[in-house]
Amino acid sequence: MFAFVIRRALQAIGVLLAVGIISFAMFRFAGDPVNQIVSLDTPAAEREQVRRSLGLDDPVPVQFARYLSSAVRGEFGVSYQFRQPVSDLLAERMPATLELAFCATLFAIGFGVLMGVYSGLKRDSFLAKVFQTISLIGISLPTFLIGILLIYLFSVILGWLPSFGRGDTVRLGWWSTGLLTTSGLKALIMPSITLGLFQMTLIMRIVRAEMLEVLRTDYIKFARARGLTTRAIHFGHALKNTLVPVITIVGLQFGSVIAFAIITETVFQWPGMGLLFVQAVQNVDIPIMAAYLMLVALIFVLINLAVDILYTIVDPRLRTSIRQPA
Amino acid sequence: MTKRSKFLAATVAVLMTGAALPAMAVTLRYANQGDLKSLDPYTLNETTTIAHHGHVYEGLTKRDKDLSIIPGLAERWEISEDGMTWRLFLRKNVKFHNGNPFNADDVIFSANRVRAQGSNFQTRVPSGSEWVKVDDHTVDVKLKSPNPIMNAQWDTWYIMDKEWSEANNSVQPTPAAATTPSYASLNANGTGPFKIESHQPGVKTVFKPHKEWWGKVEHNLDEIVFTPIASDATRVAALLSGEVDVVEPVPLQDVQRVNSSANAKVQAGPELRTIFLGFDQTRDELLFSNVKGKNPFKDKRVREAFYKAIDIETIKSRVMRGMATPSALMIAPQIFALSKDFERPKYDVEAAKKLLADAGYPNGFEVGMDCPNDRYVNDEAICQAVVGMLARAGVKVNLMAQPKAQYFGKVLKSGNYNTSFYLLGWTPGTFDSHNVLFDIQGCRNDPNSSRGESNLGNYCNKQHDELTDKILVESNKEKRDQMIKEAYKISTEDYAYIPLHQQALAWGVSNKVNLVQRADNQVLLYWAQKKE
């Protein structure tokens with residue numbers, strides 16, 4: 001077990017290194033940061049001065065070595081646009097993104113499981129067909145379009161929900177939360193739905209398929225024969241067994257929910273890390289881009305690591321196969 | 001007392017107490033496409049940022065609603081006979097937001113800070129000028145050469161408090177490569193009509209009126225809340241739903257919708273920026289063309305043909321949906337009065353074809369064109385229209401539209417002017433023609449001068465440049481204007497560039513709000529009135 005974790009951790013370091021190299025290589029095509037820092041009529045001499053002070057006139061290998069060594073130490077320097085340390089900026093934006101990702105996931109699980117169970121049990125009912133249609137929309141419509149449609153319906157036409165931002169936030173230490181104010185909660189609704197719709201669809205479809213599968217198995221038939229109530233059979237036995245793949249999916253998808261929050265955050269001007277990243281790309285703010293990509297890679301790696309470890313704990317079969325490779 | 005009169009008396013009493021209550025606080029909510037990234041007024045020379053700072057900080061001069069120069073922190077100024085010394089008389093009894101008095105030391109401190117490394121505003125103060133304190137409210141500026149337009153850009157050179165900057169370790173401007181965050185980029189202490197209540201970079205900034213401001217208050221606001229909203233659709237939605245009162249800009253395709261809505265309208269007007277096309281006129285062979293061994297753009301007839309092949313009215317009506325003013329000059333008419341004496345050559349494809357044939361290209365040729373796609377209003381669409389129009393004259397244009405980050409990296413000096421044919425926009429920072437004549441129409445052949453650094457295609461005419469130098473030192477306005485006209489005449493006759501138009505400003509404004517729209521696109525809310 002220990003050796004397994006070590007091996008996984010080493011692989012994780014390899015992945016992070018690869019992300020670092022690829023993202024550094026990418027920055028060279030993102031454009032010239034100096035042009036974004038100075039205005040169009042800035043004399044060339046002044047531009048050169050800026051370039052020198054940023055170390056952009058050094059040879060590429062020197063720049064890469066400097067980038068790697070500071071990345072290893074967790075230092076990502078100061079943002080070109082904001083003139084503030086990137087770590088501060090990310091720490092300030094992280095609560096917004098995590099809260100959004102959390103609410104979106106919660107929404108996806110709640111509605112996904114409910115709708116999945118229902119359409120699994122009453123396959124031919126009208127409501128089940130409605131759910132299927134919704135899931136089709138969720139899978140096929142692009143996120144930004146859903147976001148904009150929601151904004152037009154609920155903000156412009158009905159005027160119920162705010163079209164942008166986080167509402168009022170409350171600071172709990174360094175964490176700023178929108179979960180404790182009415183305007184904050186209202187502001188969370190549409191972005192969460194937009195971000196979580198795809199996951200919800202996924203969960204619904206899995207739960208439905210699993211439900212159909214499980215309901216045909218022998219132990220369900222046996223439970224019926226024992227005379228258990230339908231309720232106990234459906235929720236006590238059947239649903240429990242469908243949830244294993246759901247947990248896997250939710251776990252693995254949480255990373256992508258955070259990463260794909262970029263689009264939702266742009267549409268709703270949600271002040272999270274994704275929005276920061278998009279603006280950084282437009283302005284060739286390399287320190288932010290580098291830090292964000294590394295952070296997202298780290299989140300993915302950690303989640304995968306955790307899922308792998310959890311697997312071996314949950315499923316004893318995996319454990320033995322690790323000990324004695326077949 | 002009858003019942004009715006009792007009722008009336010009660011009503012009157014209620015109304016009176018109502019009137020005696022303080023009016024509701026007036027909050028104006030404003031959303032812009034761009035962020036307010038740093039509060040340090042010397043960090044980023046960009047319109048939106050400068051406009052934000054202008055609420056908090058003030059310059060020695062200001063620009064009025066019609067862009068004319070008016071006194072700011074300097075009440076008046078005198079220029080010596082030889083033009084080499086300026087004496088500035090500073091306004092008395094002005095206080096910074098922290099209560100510090102404003103005086104000559106602050107001006108001299110700011111003059112040094114703005115010229116220091118890391119400042120993006122170094123050209124605001126002439127290099128080599130000497131700033132001397134005469135007394136607490138008088139400063140002498142000694143110049144190396146006369147400069148009658150020295151104060152043209154002082155409205156956006158904001159004066160900072162010396163004591164505050166020193167106490168907060170902000171004597172140097174915040175350079176881009178700073179390793180520690182600067183206090184001045186997160187905090188502000190100016191003399192302006194508003195002070196910063198809170199500032200979360202990229203998220204939200206709250207301004208409150210500065211009660212002790214020296215000037216006459218022309219707004220009725222108790223608070224300004226600024227939020228950046230980058231997404232066009234969301235910004236317009238926020239305006240239509242009434243969540244914000246002012247948005248800038250409204251994308252052209254949404255103008256109609258905003259105007260037909262019940263609670264907002266689009267305030268439009270011509271902007272100062274001129275959008276134009278430029279040619280590489282300096283290389284012996286174009287980088288991106290099928291013509292080898294020679295450069296067709298060196299031939300004036302080819303440039304003229306290109307000019308005549310472009311149907312500016314179609315660009316105006318189709319691409320810009322009417323939101324543009326075609327221009328004959330490389331400067332906006334608001335800042336050069338004699339612009340009216342110039343006219344664009346007529347759109348004439350046949351003439352263009354003939355000119356091309358005369359120049360030796362009866363079947364046209366191929367050329368690559370560089371165009372930004374996220375910098376100016378509908379920039380890529382303009383370029384696509386140009387491609388189509390030139391095709392009619394037989395020229396095949398290979399369009400390379402790219403985000404501004406890549407575009408500017410390629411075409412500017414840092415990218416070695418790597419272009420053959422391009423679209424660019426230019427606003428003279430000084431609001432004066434000299435800037436246009438020097439920066440984009442001047443020869444860039446002298447490596448020791450910054451002349452022509454933004455003249456990407458290196459249009460070059462010695463006579464034009466000699467005139468430009470004389471214009472810089474001429475102080476008689478009328479004579480100077482005539483000389484400027486002469487210079488523009490030279491460049492238009494050379495077909496140095498193809499000026500296209502001044503794009504229109506489009507601000508989305510709630511019906512409750514009255515704004516003053518200045519042609520430099522600064523959204524200045526100290527002239528805003530909001531009814532509840």
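Residue numbers start from 1 in every chain, and the chains themselves are labelled A, B, ... in the order their sequence lines are given, proteins ahead of strands. Model, not experiment: these values are computed from the prediction.
For chain B, the nearby part of Leu161(A) is the backbone; its heavy atoms alone come within less than 4.5 Å. Residue contact with chain A, scored on non-hydrogen atoms closer than 4.5 Å, involves the backbone and the side chain of Pro201(B) alike.
If you tally non-hydrogen atom pairs under 4.5 Å between each of Glu48(A), Arg51(A), Arg93(A) and chain B, the highest count goes to Arg93(A). Chain B forms more heavy-atom pairs under 4.5 Å with one residue of Val278(A), Val267(A), Val284(A) than with any other, namely Val267(A). Heavy-atom pairs under 4.5 Å with chain B peak, among Pro162(A), Gly159(A), Ala96(A), at Pro162(A). No other option in Ser38(B), Ser261(B), Ser241(B) has as many heavy-atom pairs under 4.5 Å with chain A as Ser241(B). Of the listed residues (Pro228(B), Gly202(B), Ala238(B)), the greatest number of heavy-atom pairs within a distance under 4.5 Å of chain A belongs to Pro228(B). Residue with the most contacts toward chain A among Asp35(B), Leu240(B), Asp374(B): Asp35(B) (heavy-atom pairs, distance under 4.5 Å).
In this structure, Gln253(B) places its CD atom where more than 12 heavy-atom neighbours from other residues, nucleotides or ligands lie under 6.0 Å away.
Proximity of a side-chain donor or acceptor of Lys410(B) to a complementary backbone N or O of Asn418(B) within less than 3.5 Å is detected.
A salt bridge does not link Lys404(B) to Asp379(B): none of the charged nitrogens lies less than 4.0 Å from a carboxylate oxygen.
Counting only residues at least two apart or in different chains, side chain to side chain donor-acceptor pair (under 3.5 Å) contacts with residues 145-160 of chain A comprise Tyr152(A)-Arg257(B).
The ring pair (Phe, Tyr, Trp, His ring centres under 6.0 Å) search around Phe64(A) returns Phe24(A), not counting sequence neighbours.
A perpendicular orientation is assigned to the rings of Tyr376(B) and Phe408(B), their planes being inclined by more than 60° (bins at 30° and 60°).
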